[in-house]
Asks: 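Have a look at the structure that comes next, please.
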Amino acid sequence: MPPVDAVLRAAAQLGPFCAVDADAGPGAVDLADGRRLLDTRAAAVSAVLGPAAGSREVQSLVHLGVVARVLSPALGAALVTGVLPVPGTVVLQPAGSNPVPMAWSGVHGVAVGTPEDVAAALVEHWLGPLVGPWSEAVATRSVSRRVLTGNVVSALNGTAVVVGGARPDLAPHARAVLDALLARGPLSGTGGWRPDGGFARRSCCLLHRLPGARPCADCVLVPPLAR
């Protein structure tokens, strides 16, 4: 199994969302401090979107952005190297546009082979102990857990798309991981494939409620979703 630093360097080659920084910068917030991260990040996003953006919409978008940022290097590394990096601590810079600076510490690697291995390891090492508490922190602010679970699968699909764009040879593997995640576990039934092969979640991130915004390409509001 390659060393973790080599695994992270390989993931970074996929694009900026898949890179982990050595230092997240001053004012960085621990992912485990979900309420503080949500409040700080939501204030920054609200300042950009303006007063017309409702709090639930902002909080959902913050949740989605953070999930995409923290999971992208993990899934990207697993697909490229066959090793899932698992940090003890994740800290993020709450200000600025995505991908915001993010640093990990106490990182170890978990060998993953098949798509089912990758999916199971993501659930065990990421979705449960790291992403789960963050989602619960946002859920306490009246954002539906259905919306939040959809955000997680949307973020993972987004990473799969990035990986497939950077490494077309890995696109089938990435899709197989999504299929495994959708087949069982906490993300079971949260998405599906359109007749044209595109992915669609079975919920909405609420972006379309913002003035002038339209549903995302993977939104359940964009028909038709293959059943």
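Since the structure is predicted, the reported quantities are computational estimates derived from the model, not experimental observations.
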Asks: Would you say Leu71 and Leu38 are hydrophobically clustered, going by side-chain heavy atoms of ILVMFWY under 4.5 Å?
Replies: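 Yes: a chain of side-chain contacts under 4.5 Å links Leu71 to Leu38.
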Asks: Measuring only between side-chain heavy atoms, which start at C-beta, is Val66 closer than 4.5 Å to Val131?
Replies: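 Result no, sub-4.5 Å side-chain heavy-atom pair not found.
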Asks: Please answer whether the main-chain N or O of Ala77 pairs with a side-chain N or O of Thr81 as donor and acceptor at a distance below 3.5 Å.
Replies: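 Here the side-chain-to-backbone pair exists.
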Asks: Could you go step by step and tell me if Cys205 and Cys216 meet the side-chain contact (heavy atoms from CB on, under 4.5 Å) rule?
Replies: CA-CA 8 Å; Cys205 72; Cys216 303; 3.8 Å; yes
Asks: What heavy-atom pair brings Trp104 and Pro73 nearest, and what distance separates the two atoms?
Replies: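 Here Trp104 and Pro73 meet closest at CH2-CB, 3.7 Å.
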Asks: Before you tell me yes or no, could you show the steps for Val222 and Arg194 under side-chain contact (heavy atoms from CB on, under 4.5 Å), namely the whole-Å CA-CA distance, both residues' side-chain angles and the distance that decides it to 0.1 Å?
Replies: CA-CA 10 Å; Val222 179; Arg194 301 186 190 280; 3.6 Å; yes
Asks: Do Arg201 and Asn151 make a side-chain contact, defined as non-hydrogen atoms from C-beta onward lying under 4.5 Å apart?
Replies: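 The answer is yes; the side chains approach within 4.5 Å.
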Asks: Would you indicate whether the side-chain heavy atoms of Arg56 and Val147 approach each other to under 4.5 Å?
Replies: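 Of all side-chain heavy-atom pairs linking Arg56 with Val147, none is under 4.5 Å.
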Asks: Look up atom CZ in Arg145 and atom OG in Ser203, then write down how far apart they are to the nearest 0.5 Å.
Replies: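 If we round to the nearest 0.5 Å, Arg145:CZ and Ser203:OG are 14.5 Å apart.
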Asks: Check Val58 against Ala42 and note the closest heavy-atom contact, atom names and distance.
Replies: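 Between these two residues, the closest heavy atoms are CG1-O, 3.7 Å.
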Asks: Can you check whether Val80 reaches Leu170 side chain to side chain, under 4.5 Å on heavy atoms?
Replies: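 Side-chain contact under 4.5 Å: yes.
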Asks: Give me the atom names and distance for the closest heavy-atom approach of Ser60 to Val143.
Replies: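 Looking at all heavy atoms of both residues, the closest pair is CB-CG1, 4.3 Å.
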Asks: Are Trp134 and Leu64 connected in the hydrophobic side-chain network, where two residues link if heavy atoms are under 4.5 Å apart?
Replies: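 No, it is not one cluster - the side chains of Trp134 and Leu64 are not joined through contacts under 4.5 Å.
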Asks: Measure the shortest side-chain to side-chain distance between Thr149 and Pro186 over non-hydrogen atoms and say whether it is less than 4.5 angstrom.
Replies: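 The answer is no, as the side chains (C-beta and beyond) never meet within the 4.5 Å cut-off.
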Asks: Does any donor atom in the side chain of Asp117 or Thr114 lie under 3.5 Å from an acceptor atom in the other side chain?
Replies: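 Yes, because at least one side-chain N or O of Asp117 sits under 3.5 Å from a partner of the opposite role on Thr114.
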Asks: To the nearest 0.5 angstrom, please state how far the CG atom of Leu148 sits from the CZ atom of Arg141.
Replies: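 One finds 12.5 Å between CG of Leu148 and CZ of Arg141.
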Asks: If the threshold is 4.0 Å, N to carboxylate O, is there a salt bridge linking Arg9 and Asp5?
Replies: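 Salt bridge present between Arg9 and Asp5.
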Asks: Would you compute the distance between atom OG1 of Thr140 and atom CD of Glu136 and round it to the nearest 0.5 angstrom?
Replies: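 Between atom OG1 of Thr140 and atom CD of Glu136 there are 8.0 Å.
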Asks: Treating Arg202 as the side-chain partner and Thr190 as the backbone partner, does any N or O pair qualify as donor plus acceptor under 3.5 Å?
Replies: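 Side chain of Arg202 to backbone of Thr190: no pair is present.
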Asks: Between Ser144 and Arg146, do the side chains contain an N or O donor and an N or O acceptor separated by less than 3.5 Å?
Replies: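 Checked: Ser144/Arg146 side chains show no N/O donor-acceptor pair below 3.5 Å.
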Asks: Treating Ile, Leu, Val, Met, Phe, Trp and Tyr as nodes and any side-chain heavy-atom pair under 4.5 angstrom as an edge, say whether Leu14 and Val83 lie in one connected cluster.
Replies: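 Result: no, two separate clusters.
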Asks: Determine the minimum heavy-atom distance between Trp193 and Arg175, stating which atoms define it.
Replies: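 Trp193 and Arg175 have their closest heavy atoms at CG-NH2, 3.3 Å.
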Asks: Should Val70 and Val91 be counted in the same cluster of Ile, Leu, Val, Met, Phe, Trp and Tyr side chains packed under 4.5 Å apart?
Replies: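 No, Val70 and Val91 fall in different hydrophobic clusters.
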Asks: Applying side-chain contact (heavy atoms from CB on, under 4.5 Å) to Leu75 and Leu156, what does each step give before you reach the verdict?
Replies: CA-CA 8 Å; Leu75 177 56; Leu156 288 167; 3.9 Å; yes
Asks: Does the side chain of His63 reach to within under 4.5 Å of the side chain of Val152, using non-hydrogen atoms?
Replies: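 The answer is yes; the side chains approach within 4.5 Å.
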Asks: Which value, rounded to the nearest 0.5 Å, describes the distance between Glu116 atom CD and Arg184 atom CZ?
Replies: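 CZ of Arg184 is found 6.5 Å from CD of Glu116.
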Asks: Is the backbone N or O of Pro85 less than 3.5 Å from a side-chain atom of Trp126, with the two atoms forming a donor-acceptor pair by type?
Replies: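 Answer holds: yes.
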Asks: Closest approach of Arg35 and Ala137, non-hydrogen atoms and distance?
Replies: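 For Arg35 and Ala137, the tightest heavy-atom pair comes out as N-CB, 4.1 Å.
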Asks: How about Phe199 and Leu182: do any of their side-chain heavy atoms sit closer than 4.5 Å?
Replies: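 Side-chain contact under 4.5 Å: yes.
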Asks: Check each of Val29, Asp30, Leu37 against Leu92 using the side chain to side chain contact (heavy atoms under 4.5 Å, CB included) test, and report the only one that passes.
Replies: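 Only one of Val29, Asp30, Leu37 forms a side chain to side chain contact (heavy atoms under 4.5 Å, CB included) with Leu92, namely Leu37.
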Asks: Do Leu187 and Val118 land in one hydrophobic cluster if side-chain heavy atoms of ILVMFWY residues count as linked below 4.5 Å?
Replies: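 In one cluster with Leu187: Val118, yes.
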Asks: Before giving the answer on side-chain contact (heavy atoms from CB on, under 4.5 Å), spell out for Asn157 and Val161 the whole-Å C-alpha distance, their side-chain angles and the decisive distance to 0.1 Å.
Replies: CA-CA 6 Å; Asn157 177 67; Val161 170; 4.1 Å; yes
Asks: How many angstroms lie between CG in Leu84 and NE2 in His108, if you round to the nearest 0.5 Å?
Replies: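 So the gap between those two atoms works out to 8.0 Å.
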Asks: Can you give me the closest heavy-atom contact between Ala95 and Ala44, atom names plus distance?
Replies: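 Distance-wise, the nearest heavy atoms are CA-CB, 4.5 Å.
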Asks: Does a side-chain heavy-atom distance below 4.5 Å link Arg69 with Val90?
Replies: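 Arg69 does not reach Val90 side chain to side chain.
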Asks: Hey, could you give me the CG/CD distance between Asp39 and Gln59, rounded to the nearest 0.5 Å?
Replies: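 Output value for this atom pair is 8.0 Å.
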